[in-house]
Amino acid sequence: MSIVKSLQEAVVKSLNSLYNTTFTEKDFQINLTKPEFEGDYTVVLFSLLKTTGKSPDALGQELGNDLVNNNPTLFTAFNIIKGFLNLTITDNFWLQLLHKNYNDICYGTQPLNGKKVMVEYSSPNTNKPLHLGHLRNNFLGFSVAQILKACGYEVFKSCIVNDRGIHICKSMIAWQLFAKGATPQSTNTKGDHFVGEYYVKFNDEQKRQIAELVATGKTEKEAEKQTQIMLATQQMLQDWEAGKPEVMQLWKEMNSWVYAGFDVTYKNIGSDFDKTYYESNTYLLGKEIVQLGLNKNVFYKKDDGSVWIDLTADGLDEKLVLRKDGTSVYITQDIGLAQQKYDEYKIDESIYVIGDEQNYHMKVLKLIAQKLGVSSANAIYHLSYGMVELPSGKMKSREGTVVDADDLVEEMISTSKRHTEELGKVKDFTADELVHLYKTIGLGAMKFYLLRVDPKKKMVFNPEESIDFHGFTGPFVQYTYARIKSILRKETIDISKLISTSLLKNEKEVLVAVEQFPAVILEAAKELDPSKIAIYIFNLAKTFNSFYAELSIAKAENEEKKQLRLQIAMITSNILKSGMQLLGAEVPERM
RNA sequence: GACUUGGUAGCUCAGCUGGAUAGAGCAUCAGCCUUCUAAGCUGAGGGUCAUUGGUUCGAAUCCAAUCCAGGUCACCA
């Protein structure tokens, strides 16, 4: 049980016995005591004044006395300052916490809870390479999966590959028109980048043709739909759904190029999936479900043959679910997939890590699924995250301002190499060990950077300033870990000794932080917010570093203090490692 | 226009289920390596929490209005 819960229970008990009324833990607030005051945790008394009819001072005295008298193992002293009851926790409480957990690498995690949850993330389109925004998505999805596992869920990571549809046909058409048979091999280009170039070429050509049509007097909107290249693309989509052999063959080949490229990127950044779905397989199920929905009158058909759902009663619009030419749109296959996920995994929760630009889409999806009676409809949860922007605003592929994922990873790794070489602390490492270290630090920095801010909020990335390696960063946490490991390699912990010593300020501060870890994981899981973990492990590392600077571990005043500090160091290193793992990042033993 | 999200230090962000003098990191300035890894530690300066009203003993936090910025409202995904 967390210290805060213990405190709440103790306070409720004291209040009930003192004032003969029934209180709950919601009637008051418990905070960490501000550093400038004496004490560890604080009860805010203001909200209790009315019900008790006491002055802040009187209430504080009575409650403080009762708490200290009745909980001698928990409290040693109290003081009252302007309506705040500051409580000092016994050193023994912190020592017991340490004794029980210092060697437990699972500290903070929960036992299995029997619930199954699917986390869908990454979900790339096979028409262009991954960029910075995808990295945020990938890191978020992976981290959320880790956090949920730590809280006892059985987690399935899934990925829906958007491998078909009009956007894929665009790069295919452009390849036919402009490539002259070129391939990734022939041009020595990574497959996803190669195909991405043709997607850009499509847009250039489309723009050119629109301009031509506009010059003949058409409106921009008309022109968009009537360009030759767009008409050819639409035809290709129909041919694809009809299974036309040469279209299928080109499609398969170009996708295989992209997958080869994605595999490299995923392996590099450490994303993996328990199940990969392909839209080319799921869209048919979606179409079937649309047919079922028509039979149930959830959907209706317009005169031109297109199929719609009317969501105006729910405050939304009419939404197309099948085009007039019978081809499916984005949402069609999503409806099918929602069903399929449930059928295959019987999941209790279904999380979709998708950008906030699709908030409306996801709202519609859930509503449609509910109306259709899809089993897992209520379990659908959109983990909506904000876009990664540049100082100049949104990334735009047409203006060439997109930060490519592979480039950024490469840059982070070379930056970590440069820093490491400058510091010259690992000159005895083998070449392989160095490569691994550079990657650990570079990726650690990048993952931490993208996960340390609230997922819901958009964030700004400045490519001009490389991601930092000092302060509130992954390398800071990694460095703290490596320093601890350096000590633990040299010293041995004697578990036969039971420590009972009074705690110095720096020692207690670390233990207070240590105690919070389990609660922080639960909070992060509840909010699906890895930034809670990042902020916490940074604070823990910072607190430890102050302790480390102030007090010697190896040369402590006496053997008991030395054992105490070794254990504090050990549990800190375990938490830093676990915490980084929850972010999908590693820690190096040396750096 | 409708709906929606946000606006906190020069920059990037915490804090938002109301509580003590609003916090970190970066950047700036001043200190600390003959002692466990200085990717570190200590300190200083830096704020009209967008604006205006309201609720309250108490508001960055809740409510309303306004201003500013982003997103969505496609037979794109």
Side-chain angles (χ1 to χ4, degrees), chain A residues 26 29 31 33-34 36-37 42 44-47 49-50 56 81-84 86 123 125 127 162 165-168 170 221 224-225 234 279 302 304-308 315-317 319-325 327-331 333-334 355-361 363 384 386-387 389 391 393-394 416 419-420 422-423 425-426 441 445 449 452-454 456-462 465 468-480 482-491 531-532 535 538-539 541-542 545-556 565-566 569 590-591:
Chain A
K26 286 183 181 141
Q29 225 176 67
N31 301 329
T33 303
K34 300 238 168 199
E36 55 268 36
F37 302 103
T42 295
V44 184
L45 300 172
F46 299 106
S47 56
L49 300 182
K50 252 182 212 160
I81 299 171
K82 292 195 294 183
F84 295 89
N86 301 322
S123 307
N125 294 340
N127 61 345
N162 299 116
I166 195 86
H167 57 298
I168 307 300
K170 285 177 180 176
K221 217 174 172 183
E224 275 173 21
K225 293 173 187 165
Q234 280 161 354
E279 188 184 337
K302 284 195 179 172
D304 63 2
S306 57
V307 180
W308 296 74
L316 304 176
D317 301 316
K319 187 83 186 169
L320 177 96
V321 294
L322 213 57
R323 292 193 186 95
K324 68 180 170 212
D325 63 9
T327 58
S328 67
V329 291
Y330 183 49
I331 205 158
Q333 61 95 18
D334 271 337
D356 62 10
E357 58 192 354
Q358 295 195 38
N359 285 351
Y360 180 76
H361 170 83
K363 214 168 156 183
S384 167
M387 298 288 103
E389 292 183 0
K394 223 181 158 186
S416 81
H419 279 289
T420 305
E422 277 168 11
L423 293 167
K425 293 177 182 177
V426 288
I441 298 173
Y449 181 87
R452 71 181 198 183
V453 316
D454 185 337
K456 291 189 289 297
K457 295 192 179 172
K458 68 177 184 200
M459 62 183 293
V460 176
F461 173 78
N462 189 348
E465 303 163 14
D468 227 302
F469 282 55
H470 302 270
F472 185 19
T473 68
F476 176 94
V477 175
Q478 291 171 324
Y479 175 72
T480 307
R483 265 205 320 197
I484 294 173
K485 294 309 270 194
S486 168
I487 297 169
L488 295 179
R489 275 192 297 273
K490 292 173 200 158
E491 304 291 338
S531 75
K532 296 272 189 297
I535 291 165
F538 168 65
N539 277 322
K542 203 162 52 129
N545 282 333
S546 298
F547 159 87
Y548 176 97
E550 196 64 32
L551 303 167
S552 178
I553 297 169
K555 291 178 184 163
R565 291 177 195 165
L566 280 171
R590 288 177 57 195
M591 67 185 275

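Just so we're clear, the structure is a prediction, and the values are computed from it rather than from any experiment. Reminder, nothing fancy here: chain letters follow the sequence lines and each chain counts from 1.
If you check every strand for non-hydrogen atoms under 4.0 Å, T480(A) touches nothing. Among the atoms of the strands shown, base atoms are found under 4.0 Å from some heavy atom of L423(A). In this structure, I441(A) reaches the bases: a heavy-atom distance under 4.0 Å links it to at least one base atom across the strands shown. Within the nucleic acid shown, Q358(A) comes within 4.0 Å of at least one base atom, counting heavy atoms only. Across all strands, M459(A) comes closer than 4.0 Å only to sugar-phosphate atoms, never to a base (heavy-atom distances). Residue N545(A) is in sugar-phosphate contact alone, with no base atom involved, counting any heavy-atom pair closer than 4.0 Å across all strands shown. Residue contacts for A549(A): at a heavy-atom cut-off of 4.0 Å it reaches the sugar-phosphate backbone alone, with no base atom in range. Using a 4.0 Å heavy-atom criterion, one finds that K225(A) contacts no nucleic acid atom at all. In this structure, L551(A) reaches the bases: a heavy-atom distance under 4.0 Å links it to at least one base atom across the strands shown.
For E389(A), taking side-chain heavy atoms from C-beta onward, the closest of the listed nucleotides rG70(B), rU37(B), rA77(B) is rG70(B). The side chain of R483(A) sits closest to rA38(B) out of rC13(B), rA38(B), rU72(B). Closest to the side chain of K555(A), out of rU35(B), rG70(B), rU37(B), is rU35(B). Taking only side-chain atoms of Y360(A), from C-beta outward, the nucleotide of rU72(B), rA38(B), rC36(B) with the closest atom is rU72(B). Of the candidates rC41(B), rA77(B), rA69(B), the closest approach to any side-chain atom of F476(A) belongs to rC41(B). Counting only heavy atoms from C-beta on, E279(A) has its side chain closest to rA77(B) among rA77(B), rG40(B), rC75(B).
Pairing each heavy atom of G355(A) with each of M387(A), the nearest pair is CA-CE, 3.7 Å. Nearest heavy-atom pair across F37(A) and I81(A) is CD2-CD1, 3.4 Å.
Taking atom P in both rC49(B) and rA60(B), one finds a spacing of 7 Å when rounded to whole Å. Distance check on atom P: rA74(B) versus rG47(B) gives 46 Å, rounded to whole Å. Comparing the C1' positions of rA50(B) and rG7(B) gives a spacing of 6 Å, expressed to the nearest Å. A distance of about 10 Å separates the C1' atoms of rA14(B) and rU8(B), rounded to the whole Å. Nucleotides rU61(B) and rG18(B) have their C1' atoms positioned 6 Å apart, rounded to a whole Å.
Spacing between atom CG of D317(A) and atom P of rA74(B) amounts to 6 Å, rounded to whole angstrom units. To the nearest angstrom, P of rU35(B) lies 16 Å from CD of E491(A). Rounded to whole Å, atom P of rC3(B) lies 19 Å from atom CG of D356(A). Between the C1' atom of rU4(B) and the CG atom of L316(A) lies a distance of 12 Å, rounded to the nearest Å. Rounded to whole angstrom, the span from the NE2 atom of H361(A) across to the P atom of rC75(B) amounts to 14 Å. Going from atom NZ of K363(A) over to atom P of rU4(B) covers 7 Å, rounded to whole Å.
Proximity of S486(A) to the phosphate of rU37(B): a side-chain N or O atom is located under 4.0 Å from OP1 or OP2. A sub-4.0 Å separation between OP1 or OP2 of rC36(B) and a side-chain N or O of R489(A) is absent. The shortest distance between the side-chain N/O atoms of S546(A) and the OP1/OP2 oxygens of rU42(B) is below 4.0 Å. The phosphate of rA77(B) (OP1 or OP2) has a side-chain N or O of R323(A) nearer than 4.0 angstrom.
Taking the ring centre of W308(A) as origin, the terminal cationic atom of K319(A) falls outside the region bounded by 6.0 Å and 45° from the ring axis. Within the cation-pi definition used here (under 6.0 Å to the ring centroid, within 45° of the axis), R452(A) qualifies as a partner of F472(A).
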Polar atom pairs between nucleotides 29-32 of chain B and protein, under 3.5 Å, N or O only, would you list them?
none

Report task. Sugar-phosphate atoms are those with a prime plus P, OP1 and OP2; base atoms are the rest. Using that split, label each nucleotide of nucleotides 15-26 of chain B B, S or - for protein heavy atoms under 4.0 Å, 5' to 3'. Result -> SB--BBS--SSS
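No side-chain donor-acceptor contact under 3.5 Å links D468(A) and T473(A).
Between L566(A) atom CG and I484(A) atom CD1 the span is 11.0 Å, to the nearest 0.5 Å.
Residues I166(A) and I487(A) each lie close to RNA chain B; by heavy-atom proximity, the contact nearer the 5' end of the strand is made by I487(A). Taking the nucleotide of RNA chain B with the nearest heavy atom to each of P475(A) and K456(A), the more 5' of the two is matched to K456(A).
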Query raised in the report: Starting at the 5' end of RNA chain B, what dot-bracket string do you get if Watson-Crick and G-U pairs under 3.5 Å are bracketed, crossing pairs use [ ], other-strand pairs use | and unpaired bases use dots?
Result: ((((((((.[[[[.)...(...]]]].(((((.......))))).....[[[[[..)....]]]]])))))))....
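With a glycosidic angle no further than 90° from 0, rC33(B) counts as syn.
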Requested in this report: Could you please spell out the steps behind the side chain to side chain donor-acceptor pair (under 3.5 Å) verdict for D454(A) and S531(A)?
Outcome: CA-CA 6 Å; D454(A) 185 337; S531(A) 75; 5.4 Å; no
Query raised in the report: Can you list the steps and then say if T480(A) with N545(A) is a side chain to side chain donor-acceptor pair (under 3.5 Å)?
Result: CA-CA 7 Å; T480(A) 307; N545(A) 282 333; 3.2 Å; yes
